[in-house]
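What follows is a single structure, written as structure tokens, with notes after it.
Just follow the structure's listing: the first ligand is 1, and inside any ligand the first atom is 1. Keep in mind that what you see is a predicted model, and the values were worked out from it rather than measured.
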Amino acid sequence: MEAFEFATAGRVLVGAGRSADLPALLAACGTRALVCTGASPDRHAELLAGLGMPAAVFPVAGEPTVDLVRTAVATAREHGADVVAAIGGGSVIDTGKAAAMLLGNGGDPLDYLEVIGAGRAITRPSVPFIAVPTTAGTGAEVTANAVLASPAHRVKASLRSGTMIPWAALVDPLLTVSCPPSVTAASGMDALTQCLEPFVSPMASPLSDAVAREGIRRAAGGLRRAYADGGDLGARADMSVASVAGGMALANAKLGAVHGLAGVIGGTVAVPHGVACAALLAPVIGANVAALRAGAPGHPALDRYAEAAALLTGDPGAAIEDGIAWVRQTLALLAIPRLGELGLLPEQAGGIAVQAMRSSSMRGNPVALSEGDLRAILADAG
Ligand SMILES: [Zn+2]
């Protein structure tokens with residue numbers, strides 16, 4: 001008998017104009033709100049003016065740090081907030097998610113952070129948290145972790161617990177229409193990668209496969225169109241659904257070598273996460289397929305890669321190589337820079353490969369890659 005587990009806590013509400021439901025959702029779970037936004041809250045002036053309850057607005061500029069989350073929690077306490085919302089990209093959502101967890105559990109981020117903190121278990125529920133994504137990619141609106149940077153430790157680490165999955169994800173593709181092309185490209189490639197890696201993961205289950213397949217199909221249809229015409233609402237909706245699908249797939253089936261390497265690269269040079277994933281995706285698929293064909297020719301991940309190639313190209317008879325070619329063409333069409341152009345130096349590859357071997361994402365990779373394989377991937381992506 002097969003056995004698997006699939007976490008589904010949280011409501012996901014999808015639709016153009018759906019952000020109008022935010023006041024009702026807030027009223028359903030609180031009386032005073034902390035609302036995290038991007039650096040310019042004015043972009044959402046209309047939404048913020050109609051929340052229907054006293055709200056403290058907390059702008060988040062850049063990636064969340066341990067200190068920033070401490071300030072967010074202090075702001076929420078001062079305001080007496082009993083509900084948290086986040087309107088923004090992955091960084092904004094992660095800030096709100098971390099603050100909601102700390103308001104429910106007490107303590108400091110370092111008490112709970114993996115790797116650099118005490119890693120204490122998160123046992124109590126977060127205060128209700130509503131995620132309203134304005135980009136399509138990270139899947140943070142449905143995942144159980146928040147990534148924080150600690151400049152003192154020069155690394156990023158996660159707060160993680162099933163209790164951190166947002167109480168509601170309010171997914172309104174209209175909010176992503178103003179997303180500039182470069183962000184659409186990078187976050188969209190992240191969404192695609194976060195569907196593809198769980199799809200070939202040893203932790204995949206029939207339910208994670210179902211959402212991953214749907215996400216790959218949506219990204220294949222929507223990514224290039226959303227980049228070419230930001231006002232294409234159908235393409236924007238496809239990418240918003242691909243983002244949710246990626247978040248649900250990775251939360252249940254883990255990721256792989258793309259994210260193992262991208263996490264270390266993100267702590268080494270200032271490369272946007274989605275750009276790192278985009279540059280690594282084709283080289284990692286190539287390396288995984290070569291290693292599987294050499295060591296385990298009947299491995300089910302090879303069939304998965306072929307199925308993904310068919311979904312990406314729209315050709316049911318597509319070979320894995322056709323899927324890799326589709327990814328490389330998409331990178332060119334979306335004008336995504338190579339890692340070398342963003343400051344990654346060839347001499348950094350060795351250190352990155354060694355660190356990535358130890359990353360938790362590597363456990364979701366379908367085959368064990370050697371340090372030499374990872375160096376070759378970095379050379380290909382650089
Ligand atoms: Zn990612």
Hey, could you give me each pair passing ring pair (Phe, Tyr, Trp, His ring centres under 6.0 Å) that has a residue in residues 264-292? Not counting sequence neighbours.
-> H259-H273

Are there more than 12 heavy atoms of other residues, nucleotides or ligands under 6.0 Å from atom CD of Q348?
-> yes

Identify which protein N/O/S atoms are less than 2.8 Å from the Zn ion (ligand 1).
-> D190 OD1, Q194 OE1, H259 NE2, H273 NE2

Path from V35 to V60 over hydrophobic side-chain contacts below 4.5 Å | no

Over 12 non-hydrogen atoms of neighbours within 6.0 angstrom of CZ in R77 = yes

Out of curiosity, E307 CD to L312 CG, how far, rounded to the nearest 0.5 Å?
-> 11.0 Å

4.5 Å side-chain heavy-atom contact, L196 and Y305 | no

